[in-house]
Amino acid sequence: MPTGRLSSNITQDWEPVVLRRTKPKAADLKSAKAVNQALRSGAAVETVRKSAAGTNRHSAAPAAPARKLDETTEPAAVERVAAEVRAAIQRARVAKGWSQAELAKRISERAQVVQEYESGRAAPAQAVLAKMERVLEVKLRGKGVGAPLAAGGGGK
């Protein structure tokens, strides 16, 4: 028997080690190599034929274009400032001797807003029209567009 430092009782702990393979990924199972190997080993292989595979056709019930869906739920054209309102704004502004920028400053809006109202590109907002009525002292909403406002200061 050997003597020395290593002469103590040596025991070994033999724990079983299990090595496992990782599960194959779905793409690996669908590859041609995996399918052929499954066929050779006799495993069940399921095949599914796609109805429009290899063609340029879409599904049987094509979806309606987005524009058509929007037209059915929303009006096609957005309401714009009427020609008589545009003219009334411009006449009243010129009569006061103001530029578009000055009118915009007086109603606390951007100059681009006044420009869009006078050119007819804006969708009319009642709040903006009310501010313009007050400052220009001209009726811009309802009947009698372009008429001077009453002395009370704000009637429709």
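Counting from 1, the numbers follow the sequence of the chain as shown. Values reported hereafter were calculated over all heavy atoms of this structure, with side chains retained and with hydrogens, waters and symmetry mates removed.
Smallest separation of non-hydrogen atoms from Arg86 and Gly120: CD-CA, 3.2 Å. Scanning both residues, Ala125 and Tyr117, for their nearest heavy atoms gives N-OH, 2.8 Å. Among all heavy-atom pairs drawn from Arg80 and Pro124, the shortest one is C-CD, 3.7 Å. Across Ala101 and Ala111, no two heavy atoms sit closer than the pair CA-CB, 4.0 Å. The shortest heavy-atom contact between Leu140 and Val85 is O-CG2, 3.6 Å.
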For Met132 and Val128: C-alpha separation, side-chain torsions, deciding distance, then whether side chain to side chain contact (heavy atoms under 4.5 Å, CB included) applies. CA-CA 6 Å; Met132 285 185 183; Val128 174; 4.0 Å; yes

* Please assess Ile107 against Leu136 for the test side chain to side chain contact (heavy atoms under 4.5 Å, CB included), listing each intermediate value before the final yes or no. => CA-CA 10 Å; Ile107 64 170; Leu136 294 172; over 6 Å; no

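By the 4.0 Å N-to-carboxylate-O rule, Glu118 lies close enough to Arg93 to be salt-bridged with it.
Side-chain N or O atoms of Glu84 include none that pairs as donor or acceptor with a backbone N or O of Gly146 at under 3.5 Å. Proximity of a side-chain donor or acceptor of Glu116 to a complementary backbone N or O of Arg121 within less than 3.5 Å is not detected.
Note that CZ of Arg141 and CD of Glu133 are 4.5 Å apart. Values are rounded to the nearest 0.5 Å. Atom CZ of Arg134 sits about 11.5 Å away from atom CG of Leu129, to the nearest 0.5 Å.
With Glu102 as the partner, the side chain to side chain donor-acceptor pair (under 3.5 Å) test is satisfied by one option alone out of Gln100, Lys105, Arg106: Arg106.
Counting heavy atoms from C-beta on, the side chains of Lys96 and Val135 never come closer than 4.5 Å.
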